[in-house]
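Beneath this line is the structure, given in structure tokens, with notes to follow.
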There are 4 protein chains.
Amino acid sequence: MQTKECADAASHEPSGGLRAAQREFTRRRFVEAAVTVFAEKGYVETTIDDILRRAGASKATFYVYYDNKANLLLDALAPYRCEYAVLVRQFQQLVEPTLADFESWISDYVDLYSEHRLLLGAMHQAEVFEPEFRGRTIEAVRNYIDMWDKIKLIETSKEPRDLLELRCVLLYSQIQRFMYVWQLEGLEIDRSSAVCEIAAAWYRIIKSA
Amino acid sequence: MQTKECADAASHEPSGGLRAAQREFTRRRFVEAAVTVFAEKGYVETTIDDILRRAGASKATFYVYYDNKANLLLDALAPYRCEYAVLVRQFQQLVEPTLADFESWISDYVDLYSEHRLLLGAMHQAEVFEPEFRGRTIEAVRNYIDMWDKIKLIETSKEPRDLLELRCVLLYSQIQRFMYVWQLEGLEIDRSSAVCEIAAAWYRIIKSA
Amino acid sequence: MQTKECADAASHEPSGGLRAAQREFTRRRFVEAAVTVFAEKGYVETTIDDILRRAGASKATFYVYYDNKANLLLDALAPYRCEYAVLVRQFQQLVEPTLADFESWISDYVDLYSEHRLLLGAMHQAEVFEPEFRGRTIEAVRNYIDMWDKIKLIETSKEPRDLLELRCVLLYSQIQRFMYVWQLEGLEIDRSSAVCEIAAAWYRIIKSA
Amino acid sequence: MQTKECADAASHEPSGGLRAAQREFTRRRFVEAAVTVFAEKGYVETTIDDILRRAGASKATFYVYYDNKANLLLDALAPYRCEYAVLVRQFQQLVEPTLADFESWISDYVDLYSEHRLLLGAMHQAEVFEPEFRGRTIEAVRNYIDMWDKIKLIETSKEPRDLLELRCVLLYSQIQRFMYVWQLEGLEIDRSSAVCEIAAAWYRIIKSA
DNA sequence: TATGAATGAGTCTTCATTCAT
DNA sequence: GATGAATGAAGACTCATTCAT
């Protein structure tokens with residue numbers, strides 16, 4: 001699902017010479033090592049040394065590239081964030097979305113999530129105790145409300161804005177935790193039913209508005 | 001809201017002699033210290049030493065009572081867990097619940113959650129990286145499904161069981177994350193609207209069934 | 001030359017029980033190890049590990065007792081500082097000091113300095129780059145001026161106070177650096193001549209006043 | 001105060017071609033950067049990287065020019081050392097110096113010192129823990145004695161040579177430490193009084209001889 | 001000549017846990 | 001039952017220095 005516009009986010013595609021390529025190569029090794037080790041041991045239990053060992057690099061080299069583990073995770077997340085941003089933009093371009101539109105969008109989102117699930121698991125852990133990551137939740141909620149806001153459904157509604165925002169928060173909460181329980185805690189879920197049910201809930205917000 | 005049947009969970013009320021009372025006294029000091037410090041610094045940042053200092057106890061004493069920090073948290077959570085269990089039982093005794101029933105129940109749950117919010121925050125952190133706590137999520141989900149199961153709505157429904165379970169998971173996800181975002185991340189929410197909206201969603205599951 | 005009143009500074013004499021004695025014992029081991037290693041490698045080159053190895057203690061133990069190397073040095077210097085303070089008090093009690101008084105005092109000071117010379121060497125190094133030690137020089141100068149001030153020679157003099165203070169600074173500078181060059185750089189010096197010459201310079205300050 | 005004969009010491013004036021000029025240019029950049037950074041952070045706290053960053057040069061380039069930080073400091077000190085050497089020669093040419101001669105010389109020395117004070121501060125730090133710099137003190141003392149020796153006052157004196165040397169050491173100690181306390185520790189001192197007092201002490205050595 | 005990527009070797013610091021008293 | 005001295009083990013981070021380009 002790697003879209004063209006996110007290739008750069010993934011790779012910091014070296015524009016220039018050999019040096020740049022070399023640098024990019026190393027950076028990518030760190031990212032790959034991190035992804036692997038985070039997947040194995042989770043973010044918390046992973047030490048910088050673990051990543052180093054996997055990447056076959058030395059401690060000092062790590063600090064040339066990153067300030068700390070959180071930093072590296074952020075870098076590793078870049079592709080996901082970019083692709084998610086693309087999805088958000090697509091959502092915002094929906095005009096009078098149908099149930100099918102929502103199903104299709106959610107399906108894409110599920111794909112994206114499951115593609116990056118282990119990294120997202122690491123991110124959830126980081127959110128708990130990396131200062132850099134804490135407080136992102138609120139931001140994410142606002143982003144989500146924003147996403148709905150842009151499709152002009154909120155402001156044109158007869159319902160009070162506060163109520164609509166509350167519903168957004170509830171939808172956000174639902175999908176977030178659900179994805180986590182499903183993709184990361186391994187609860188068995190029937191994919192298409194899930195997409196349908198969530199889409200239905202999303203659609204209801206429009207109908208009621 | 002401390003119900004009578006949970007007093008014991010909170011205190012391990014000493015049945016017996018002086019020794020037991022003394023022991024109970026010390027245990028309670030640890031729990032109180034833990035609650036305070038977890039509230040201040042969060043579970044992750046809190047060291048056993050922090051708790052000790054607050055409790056005015058010594059290192060070794062701690063290990064007489066608990067194996068580790070997670071253990072102590074579990075102990076501190078006992079009152080919450082007990083009261084939550086009471087709530088669950090009340091839910092299961094609902095017969096043909098009305099919207100008002102759900103609103104009332106959810107309202108009680110919100111009370112319970114907010115009463116223990118800081119401790120629950122600690123718990124969320126612990127879930128991320130304490131082996132003892134990991135995997136509790138699935139269990140919690142199953143419990144939740146069970147709760148609904150007992151009110152006989154699932155099994156008497158015409159809808160396939162899988163779908164009803166899925167809806168439970170979605171409701172569970174929704175309220176869990178919502179409570180977290182509201183109570184712990186500090187998102188401003190209108191309480192009564194929230195209760196109404198959630199209750200409505202819960203009620204819908206019955207109607208549709 | 002260990003005076004009675006400084007025994008405590010040296011040892012933190014345990015007033016109490018076994019525990020206190022044990023603690024004091026360990027602390028003293030650290031101090032002794034530090035003195036030895038500082039003498040061997042100088043303060044700068046000495047790592048905490050070096051001291052640990054010599055003391056036969058573990059890293060963690062060190063941090064139970066001290067926050068850092070500078071802290072330990074400060075502790076090790078306590079006896080010297082105490083004895084120096086005694087000397088200062090003796091100086092201040094001189095009434096109409098004679099040349100012989102100065103000679104005697106300086107001689108004592110030389111004894112004290114040479115008794116602690118290696119530790120004082122470490123201190124000089126620490127003054128260069130331990131924040132805790134930086135800025136002590138000015139303080140030491142003021143102390144020295146104070147010492148002269150107390151013998152009432154400054155204030156009763158016809159000379160302006162500023163000039164007398166300047167002379168004090170010059171005397172301070174002279175003896176400080178001289179002791180360093182002699183005792184720590186190993187320049188060969190005839191002790192009694194040195195004492196005489198310095199005393200003469202000190203005496204001149206009174207005469208001229 | 002840059003005398004003509006020291007211009008070379010400052011610049012290693014390129015005699016030859018373009019290459020040499022280029023080389024000299026880079027070297028000077030390092031020196032300037034070093035002076036600035038040493039002044040800001042002191043010698044100890046300054047890392048080679050700091051200097052590099054300031055000079056806008058790269059790691060490897062540094063090692064083309066210098067072996068280490070101490071080396072660079074030595075290079076940066078060249079102008080000072082040269083000018084000091086000039087002063088020393090002037091001193092040695094004094095014939096039957098008067099009090100005014102000494103005052104004038106000391107005044108020049110104060111100028112020189114304060115012009116280079118921050119670099120001299122760096123040097124004092126380096127003396128503490130750079131092998132290259134350690135042991136320079138003794139050498140400096142001997143140089144100072146030598147300076148007095150050359151004016152033939154020592155050898156023609158009736159006093160024993162040892163005593164005269166001792167007095168030199170005391171004068172050396174005095175002015176060294178005094179300059180440090182004054183110029184680098186920031187003790188407030190009246191310049192002309194200081195010059196007078198020191199000169200008086202120097203003059204006394206002649207009189208007594 | 002100039003560079004910057006890579007590193008070895010080291011240092012400080014923290015914390016949960018044990019054991020003799 | 002309570003204590004606090006001691007520690008093992010690990011982790012984060014820094015810096016001078018080298019080497020291929």
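This one's a predicted model, so the numbers in the text were calculated from it and none came from an experiment. Convention: sequence-line order gives letters A, B, ...; per-chain numbering from 1.
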Exercise for the section: Check every strand shown and say whether C:Tyr65 touches a base, only sugar-phosphate, or nothing at a heavy-atom separation below 4.0 Å. Expected result: sugar-phosphate
note: D:Tyr66, atom OH; F:dC15, atom P; distance rounded to Å ~ 21 Å
Heavy atoms under 4.0 Å, any strand shown: does A:Asp50 hit a base, just sugar-phosphate, or nothing? nothing
Can you tell me how the ring of A:Phe129 sits relative to the ring of A:Tyr43, calling it parallel under 30°, perpendicular over 60° and tilted otherwise? tilted
C:Arg53 CZ to E:dC12 C1', in whole Å, measures 14 Å
Rounded to whole Å, CZ of D:Phe30 lies from P of E:dT1 at a distance of 13 Å
Comparing C:Lys69 with B:Lys69, nearest DNA chain E nucleotide closer to 5' gives the residue C:Lys69
Residues pairing under side chain to side chain donor-acceptor pair (under 3.5 Å) where one sits in residues 29-39 of chain B, two or more places apart or in two chains, turn out to be none
Separation of F:dT17 atom C1' from D:Leu72 atom CG, nearest Å, is 16 Å
Result for 5'-nearest mapping on DNA chain E, choosing between A:Ala57 and B:Thr46, is A:Ala57
Taking E:dT7, E:dA16, E:dA2 as options, the one with an atom nearest any side-chain atom of B:Ile48 is E:dA16
Decide, yes or no, whether a salt bridge links D:Lys69 with D:Glu45 under the criterion of side-chain N to carboxylate O below 4.0 Å.
no
- Query: Would A:Arg28 count as a cation-pi partner of A:Phe25, with NZ or CZ less than 6.0 Å from the six-membered ring centre and within 45° of the ring normal?
  - Reply: no
C:Arg134 bridged to C:Glu130 by N-O distance under 4.0 Å: no
Comparing C:Thr26 with D:Asp67, nearest DNA chain F nucleotide closer to 5' gives the residue C:Thr26
* **Polar side-chain contact B:Lys59-E:dT17 base: donor and acceptor under 3.5 Å** => yes
To the nearest angstrom, the CG-P distance between C:Leu52 and F:dA6 comes to 12 Å
Nearest-nucleotide check on DNA chain F, B:Val64 vs D:Phe62; residue mapping nearer the 5' end is B:Val64
Check your understanding: Just to confirm, is there a sub-4.0 Å distance from OP1 or OP2 of E:dA6 to any side-chain nitrogen or oxygen of A:Ser58?
Key -> no
note: D:Ile51, atom CD1; F:dC15, atom C1'; distance rounded to Å ~ 13 Å
Across every strand shown, the nucleotide meeting Watson-Crick or G-U wobble geometry with E:dG10 (both distances under 3.5 Å) is F:dC13
Keeping C:Thr46 on the side-chain end and C:Gly42 on the backbone end, is there a donor-acceptor pair under 3.5 Å? yes
Picking from E:dA5, E:dA2, E:dC19, the nucleotide nearest the side-chain atoms of D:Gln22 would be E:dA2
Considering only heavy side-chain atoms of A:Thr47, the closest of E:dT17, F:dA5, F:dA12 is F:dA12
Out of F:dA6, E:dG8, F:dA12, minimum distance to the side chain of A:Tyr63 belongs to F:dA12
When both distances are under 3.5 Å in a Watson-Crick or G-U wobble arrangement, the nucleotide paired with E:dG4 is F:dC19
Among E:dC19, F:dA6, E:dT7, the one nearest any side-chain atom of B:Ala60 is E:dC19
When rounded to whole Å, the CZ to C1' distance for the pair A:Arg29 and E:dA5 reads 14 Å
B:Leu73 atom CG is separated from E:dA16 atom P, nearest whole Å, by 14 Å
